[in-house]
Amino acid sequence: MAVVTVDQDKCSGCGECISVCPASVFELNNEGKSVVARPEDCQECCACVEVCPESAITVDVCK
Ligand code: SF4
Ligand code: SF4
């Protein structure tokens, strides 16, 4: 299973990762920032890493 992390200091809450993720891995938390809610569903497509404007997302199998 891929390890997906969101750096809360970098995340602006833009929601791009939520829009692009085919597996609904991300959700917004109470502060309006993205959190990893369902890492077990990650399909390792790396789209979130590419789309995040803040470079806040790390997926261990993606560069
Ligand atoms: S794309 Fe990046 S900055 Fe935008 S909500 Fe997701 S983690 Fe935060
Ligand atoms: S790598 Fe793909 S499936 Fe996994 S969290 Fe990112 S966008 Fe979703």
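Just so you know, ligand 1 is whichever comes first in the structure, and atom 1 is the first atom listed for that ligand.
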**Q** Any atoms of ligand 1 less than 4.0 Å from a non-hydrogen atom of Ser12? List them with their elements.
**A** 3 (S), 8 (Fe)
**Q** Please list, in number order, the atoms of ligand 1 under 4.0 Å from a heavy atom of Cys52.
**A** 1 (S), 2 (Fe), 3 (S), 7 (S)
**Q** How far is atom 2 (Fe) of ligand 2 from its nearest protein heavy atom, and which residue and atom name does that atom have?
**A** Cys45 SG, 2.3 Å
**Q** May I ask you to list the atoms of ligand 2 that are less than 4.0 angstrom from any heavy atom of Phe26?
**A** 5 (S)
**Q** Are Phe26 and Val61 connected, step by step, through hydrophobic side chains (Ile, Leu, Val, Met, Phe, Trp, Tyr) whose heavy atoms are closer than 4.5 Å?
**A** yes
**Q** Using modelled atom types only, decide if a donor and an acceptor are shared between the side chain of Asp41 and the backbone of Val25 within a distance under 3.5 Å.
**A** no
**Q** For atom 6 (Fe) of ligand 1, what's the nearest protein heavy atom and its distance?
**A** Cys17 SG, 2.4 Å
**Q** If you count the atoms of ligand 2 from 1 in the order shown, which ones are under 4.0 Å from a heavy atom of Cys42?
**A** 1 (S), 3 (S), 4 (Fe), 5 (S)
**Q** Any N/O/S atom of Cys14 sitting less than 2.8 Å from atom 6 (Fe) of ligand 1, backbone or side chain?
**A** no
**Q** Check whether any side-chain heavy atom of Pro39 lies under 4.5 Å from a side-chain heavy atom of Met1, and answer yes or no.
**A** yes
**Q** So Gln43 and Pro22, do their side chains get closer than 4.5 Å, heavy atoms only?
**A** yes
**Q** State yes or no: do Val59 and Ile18 share one hydrophobic cluster built from I, L, V, M, F, W and Y residues joined by side-chain heavy-atom distances below 4.5 Å, directly or via other members?
**A** yes
**Q** For Glu31, is the CD atom crowded, meaning more than 12 foreign heavy atoms sit under 6.0 Å from it?
**A** no
**Q** Would you kindly specify which portion of Ile57 sits under 4.0 Å from ligand 1, judged on non-hydrogen atoms: side chain, backbone, both or neither?
**A** side chain
**Q** So, Arg38 side chain and Ser24 main chain: donor-acceptor pair closer than 3.5 Å or not?
**A** yes
**Q** Side chain to side chain contact (heavy atoms under 4.5 Å, CB included), that's the test. Do Asn29 and Gln8 meet it? Break it down for me.
**A** CA-CA 10 Å; Asn29 67 12; Gln8 296 294 295; 3.4 Å; yes
**Q** If you have a sec, work out which protein heavy atom is nearest atom 3 (S) of ligand 2 and how many Å separate them, to one decimal?
**A** Gln43 N, 3.2 Å
**Q** May I ask you to check if any N/O/S atom from Cys21 comes under 2.8 Å of atom 8 (Fe) of ligand 2?
**A** yes
**Q** At what distance is the nearest protein heavy atom to atom 8 (Fe) of ligand 1, and which residue and atom is it?
**A** Cys11 SG, 2.3 Å
**Q** So if I count the atoms of ligand 1 from 1 in the order they appear, which ones are less than 4.0 Å from some heavy atom of Gly13?
**A** 5 (S), 8 (Fe)
**Q** Given the rule that I, L, V, M, F, W and Y join up when any side-chain heavy atoms are under 4.5 Å apart, are Val49 and Val6 in one cluster?
**A** yes
**Q** Numbering the atoms of ligand 2 from 1, which are under 4.0 Å from a heavy atom of Cys48?
**A** 1 (S), 5 (S), 6 (Fe), 7 (S)
**Q** Need the ligand 1 atom indices (1-based, order shown) with element for anything under 4.0 Å from a heavy-atom of Glu54.
**A** 3 (S)
**Q** Under 4.0 Å from a heavy atom of Val25: which atoms of ligand 2 are those, numbered in the order shown and with their elements?
**A** 5 (S)
**Q** Only heavy atoms of Cys46, strictly under 4.0 Å: list the atoms of ligand 2 that pass.
**A** 1 (S), 2 (Fe)
**Q** Cys pair Cys46/Cys62: SG distance under 2.5 Å?
**A** yes
**Q** Starting from atom 5 (S) of ligand 1, find the nearest protein heavy-atom neighbour and note its residue, name and distance.
**A** Gly15 N, 3.2 Å
**Q** Does some side-chain heavy atom of Ser34 sit less than 4.5 Å from a side-chain heavy atom of Cys11?
**A** yes
